[in-house]
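What follows is a set of notes on a single structure, which appears directly below.
Residue numbers start from 1 in every chain, and the chains themselves are labelled A, B, ... in the order their sequence lines are given, proteins ahead of strands.
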There are 4 protein chains.
Amino acid sequence: MSAVASAVRPRPVTAHRTPGRPRCDVTHKAVLDAAFALLAEDGIGRFTIERVAARSGVARSTIYRWWPSKGALAMEGFLAAVAPEIAVPPSGSAARDLREQVKRFARLLRGTVGRIIRGIIAEGQSDPETVAAFMDGFVTPRRAEGSAILQRGIASGELRADLELDLVLAGLYAPLYVWMLLNESLDDEKVERLTRSVLAGCLAPSAEAASD
Amino acid sequence: MSAVASAVRPRPVTAHRTPGRPRCDVTHKAVLDAAFALLAEDGIGRFTIERVAARSGVARSTIYRWWPSKGALAMEGFLAAVAPEIAVPPSGSAARDLREQVKRFARLLRGTVGRIIRGIIAEGQSDPETVAAFMDGFVTPRRAEGSAILQRGIASGELRADLELDLVLAGLYAPLYVWMLLNESLDDEKVERLTRSVLAGCLAPSAEAASD
Amino acid sequence: MSAVASAVRPRPVTAHRTPGRPRCDVTHKAVLDAAFALLAEDGIGRFTIERVAARSGVARSTIYRWWPSKGALAMEGFLAAVAPEIAVPPSGSAARDLREQVKRFARLLRGTVGRIIRGIIAEGQSDPETVAAFMDGFVTPRRAEGSAILQRGIASGELRADLELDLVLAGLYAPLYVWMLLNESLDDEKVERLTRSVLAGCLAPSAEAASD
Amino acid sequence: MSAVASAVRPRPVTAHRTPGRPRCDVTHKAVLDAAFALLAEDGIGRFTIERVAARSGVARSTIYRWWPSKGALAMEGFLAAVAPEIAVPPSGSAARDLREQVKRFARLLRGTVGRIIRGIIAEGQSDPETVAAFMDGFVTPRRAEGSAILQRGIASGELRADLELDLVLAGLYAPLYVWMLLNESLDDEKVERLTRSVLAGCLAPSAEAASD
DNA sequence: CTTTAATCGAGACGGTACGTCTGGTCTTGTT
DNA sequence: AACAAGACCAGACGTACCGTCTCGATTAAAG
C-alpha cells in the first residue's frame, strides 16, 4: 500500500466511528494546499516540512503525524491539486485522441505541474514509498487513459491489432519525462514530431494512407 | 559552462605555474573515489559532503573549494569512475549493434551505476548545473554513439534514410531511464521487446524481412 | 491550600451525592501507583504525565482533570505510598527515640523514597504548589513527630527546657536533606555522629553524664 | 572530573596550539551572561537552551558543542557571575566572623543567586554532573572558607578543640539551603538565632561567658 | 424509564524544546 | 597558494511532551 493511501485513511462509512477527536479536515486541506504552493513556487529544493507548517498555519507535529515523509506530503499535495485536471474527450479517431492527449501532457509538464513532478521524482530516488505513491496516484491512471484510447483504436480497426500497448505508451510518454528531467525543450513542434513518429508504426496497414 | 568543467579548472599549460602550493592530486582523487563509493552504497539520500570528507580524509573546506555543489561532486565522482566503461564494438549490422548497446545500457542502469545516475538526476532537479554536467559528461556522448550506429545503418542501406535520429534514440533510451526512475523492472526480456519494437519501424523496406 | 488537597476534592459527606457518574477509584489508584513506580524507577527526569498515563492505562485527559501539575501528581503518588511507613515507637528516653527516628529517616532517604523526595523538591523549585504540598504532606508531620519527642524529653527533664525546637530539628534533619540532594553519603556512621553532636547541646545539665 | 571543568577545556599554555580556528571568547562569554540572566529572571523552569541561544545571539549548535547539559550550562553561567562575590574579611573573633559569613550567605540565598542555586540543585536531581559541578565550584570553596574560620577559632582558643568541623558547618549551612528550597523564610532574625544556637555548642568552656 | 450530568478513554491539535545533522563560511597554523 | 583542522551560524530534521480540545461510551442519580 502506498504512503498516500495510508495517510488518507479513509473513514469507514460503516457503523461506528473511531473513538477520539475526529480529524480536522480544514487542517488537512490547508497542509496540502501549502505543500502544493511551495512545490510550485520553489521546487523540491526548498520544500521543507517546516515551511509547509509555517505556510499552512498547521503545527509541525500534526504534519508529522499524518505524513511519513517529505515525499509523501509532496505527492499528496500534488495529487489533491492536480488529479482532476487531466480528462480526455474522446473523438472518433484514436490517432487524433492520442495526439491531443500527448500534447496536453507535454503542456502540463512544461508548467507548474511539471515542476512538481520533477520534485516528486527526485524525492522518490531516496524514498521508494514516494515513487510508489506517484505510480499509483498519477502514472497508472495516465497509462490507463492512454491504454483505453489505444484499445478503442484497435477495436475500430484504426490501429494494428498486434500493438504492445505498454511499449507504445512508453514510446510516447517516456521521452517527455526524460526531456523534462534533463532540462531539454518540450516544445509543441518536437512533441508533435514524436507523436507522429510513434503513431506511424501503429496504424493498421489499411488505414495508413489516411494518417495525416 | 557545466559545473564539472568549471570544477576541474584545467591548469594553464603556460610555462610559469601559479604561485603557492600546487593542488594535491591525491586529495582530489580521494574525494572522487569516496563520492563514488558513497553514492554506490547508500544512494543520493545519504550522500553528504560531510560523509565524503570523512570517508576521503579530506577537509570539508577543501571540498567546498573545488566543487560548487553536491550534485557537481556526485557527477564528477560518477564520471571519473564510469566514463571509460561504455564502449561499443561495431559489428556489421546496425540493428545488432543497437540491440547490444541498449542491452548493455540497461544492464548498467540495473547496477551500481544506475543507482548513481538516479541520484544525479534527482539532485539535478534542484540544481541545473548538475543536469548540465550530466548531459555534457554522459548523455551527449551516449547519444553520439547511438547516432553513429544509426548513421552507419543508414549509409549501408540497412535502415531507412528518413529516420529522425533524435526521436529514435529517445524511443530506445527514454523508457529505460523512466523505468529505472520509477522502480519498474528493467529485465532483459522487456528491454529486448522494446528494442525490437522500435527497430521494426526503422528498417529499410528492402531489409525488413531479415530483421529477426 | 495545597495542590494535593484541592486535587483530592473530598466527596461531601452531605446526604445528596453529586449527580452524574461518580469518580472511579480504581483509576485514581492506578494513576498514583504508576506515578510512584515511575518516580522510583527513573527519577524525576523521566517522569512525565504521558508515561504515567501509559503505565497506568488511564487516559491522559483524566489525569489532567484531577492533577494540576506534574509536581502535584508526583507528590500525591509519593504520599499515598509512603505516608503510613514512618511510625515512631516511643521508648523511655527522648535521646534514644530521636536517634532512632533520625536513623530511620536517613535510611528512608537513602532508598527509593529518597529518590522520589529529590524529584519532588526539584519539581518544586519551579512550582510552589508542589513545595507547599510537600510541606503539608510530609515535612510538617515529620516535624510534629520530632517535636513531640523533644517535648517529652523536656517534660521528663531529660532535655534542657530552653531548647528552640525548630532549630534543633533543623540541625538534625536539614543536613540529611542536603547530603541527599548533593549526592553526599548518608551512611549510618555519619548520621550517628550528627545525632550525637546535636543532642550533646540539648541534654539537661543534670542528665549530661548519662548521655551515652 | 566535573562537567564544568570539562566544558572549560582550558587551553594548554604549553607550546603548540591545537590546529583549527581558535575558540571565540566573546561567544563563550555571551552564552554565560545570557544563561545567568535567564536563570536570574525566570528561574530554572523557563531556562532552555533555545532561549539562551536566542538571548546570547549564539547558534544553538555552538552551545551544544561546549556544554553537555542544561545543568552544566546553568552552573557555569552561575559561577562565572557569582564566584568572586563572596569574600570574608577576617576579624579577631571566630564567632563574629562566622556570624557575619552566615548572614551574608543567607542574604545571598534570598536574592537572585538563591534563585539560581535552587535551579541548579533542581536540575542536579536528574543530572549528577550538575551536582558535581556545583559541589566543586561552589559548595567546597564555601566549606573551605568556613573551615578556615573555625580552625582559626580553635587555634586561638576561642572554640573547643574537639569540634567536628564538617558537622558544625552542616549545622550552620544545611538549614539555610533547606529553608530556601522549601520556601520557608530566611529572615535575618531566624538566621541569627540559628547561628547563636550552633555557636553555643562550639565555644571553649573558658570563653563561654563572653559569647553574647 | 427517561433524562441529565458527570466520568472516562481515545486521540487530534497547536505548541515548545529537545538533541542531531548538514550546509556553508570563516579563521587559524602548517606544508 | 593549498590544505587540515575546527569554530561558528543557520536552519531543518524527527521526537517527546505539554496542555487543550472534541468526540463517543458509560454510569448512576434525579425526574
Side-chain angles (χ1 to χ4, degrees), chain A residues 16-28 46-54 56-66 68-70, chain B residues 17-28 46-54 57-66 68-70, chain C residues 16-28 46-54 57-66 68-70, chain D residues 16-28 46-54 57-66 68-70:
Chain A
H16 305 300
R17 294 220 305 79
T18 103
R21 176 173 171 175
R23 182 169 182 182
C24 171
D25 275 332
V26 177
T27 287
H28 191 233
R46 302 193 51 206
F47 181 83
T48 65
I49 293 193
E50 300 245 354
R51 290 186 71 210
V52 174
S56 64
V58 168
R60 224 149 45 83
S61 51
T62 300
I63 298 180
Y64 280 112
R65 188 196 314 277
W66 295 108
S69 70
K70 216 165 77 167
Chain B
R17 295 219 303 85
T18 97
R21 175 174 171 178
R23 180 169 182 185
C24 172
D25 274 334
V26 177
T27 288
H28 191 235
R46 302 193 52 205
F47 181 82
T48 66
I49 294 195
E50 300 248 353
R51 297 221 308 155
V52 174
V58 169
R60 230 147 40 88
S61 52
T62 301
I63 298 180
Y64 280 112
R65 188 197 313 277
W66 296 107
S69 72
K70 214 165 79 167
Chain C
H16 303 301
R17 297 225 298 86
T18 101
R21 175 174 172 175
R23 181 169 182 182
C24 171
D25 276 333
V26 178
T27 287
H28 191 236
R46 302 193 52 206
F47 181 81
T48 66
I49 294 195
E50 299 248 353
R51 297 222 308 156
V52 174
V58 169
R60 227 147 43 83
S61 51
T62 301
I63 298 180
Y64 280 112
R65 187 198 314 277
W66 296 108
S69 71
K70 216 165 78 166
Chain D
H16 305 300
R17 293 220 305 79
T18 102
R21 175 174 172 176
R23 182 169 182 180
C24 172
D25 274 333
V26 176
T27 287
H28 190 234
R46 302 193 52 205
F47 181 82
T48 66
I49 292 194
E50 300 245 355
R51 290 185 71 208
V52 174
V58 169
R60 228 148 42 84
S61 52
T62 300
I63 297 180
Y64 279 112
R65 187 198 313 280
W66 296 109
S69 70
K70 216 165 78 167

C:Arg46 CZ to E:dC18 P, straight-line distance once rounded to whole Å: 18 Å

Length of the CZ-C1' vector between A:Arg65 and E:dA10, whole Å: 12 Å

Short side-chain N/O contact to E:dG11 OP1/OP2 from A:Arg23, under 4.0 Å: no

Please produce a list of atom pairs where a protein N or O lies less than 3.5 Å from an N or O of nucleotides 10-14 of chain F.
| from | atom 1 | to | atom 2 | distance (Å) |
| --- | --- | --- | --- | --- |
| F:dA10 | N6 | D:Ser61 | OG | 3.1 |
| F:dA12 | N6 | D:Arg60 | NH2 | 3.0 |
| F:dC13 | OP1 | A:Ile49 | N | 3.1 |
| F:dC13 | OP2 | A:Ile49 | N | 3.2 |
| F:dC13 | OP2 | A:Glu50 | N | 3.0 |
| F:dG14 | OP2 | A:Tyr64 | OH | 3.1 |
| F:dG14 | N7 | A:Arg60 | NH1 | 3.1 |
| F:dG14 | O6 | A:Arg60 | NH2 | 2.9 |

D:Thr62 vs B:Thr62, nearer the 5' end of DNA chain F by closest nucleotide: B:Thr62

Interatomic distance, C:His28 NE2 vs E:dT7 P [rounded to whole Å]: 12 Å

Length of the line joining D:Arg21:CZ and E:dC26:P, which is rounded to integer Å: 9 Å

Counterpart residues, salt bridge (charged side-chain N to carboxylate O under 4.0 Å, His left out), relative to D:Arg21 (two or more places apart): none

Closest non-hydrogen atom pair, A:Ala53 against A:Ala59: CB-C, 4.5 Å

Residue-phosphate contact under 4.0 Å: B:Trp66 side-chain N/O, F:dA2 OP1/OP2: no

Residues which pass side chain to side chain contact (heavy atoms under 4.5 Å, CB included) with A:Thr48, listed by chain and number, not counting sequence neighbours: A:Glu50, A:Arg51

Phosphate-side-chain proximity, A:Thr27 and E:dG14, N/O vs OP1/OP2 below 4.0 Å: yes

Distance, rounded to the nearest Å, where C:Ile63 contributes CD1 and E:dG9 contributes P: 9 Å

OG on C:Ser61 to CD1 on C:Ile49, rounded to 0.5 Å: 11.5 Å

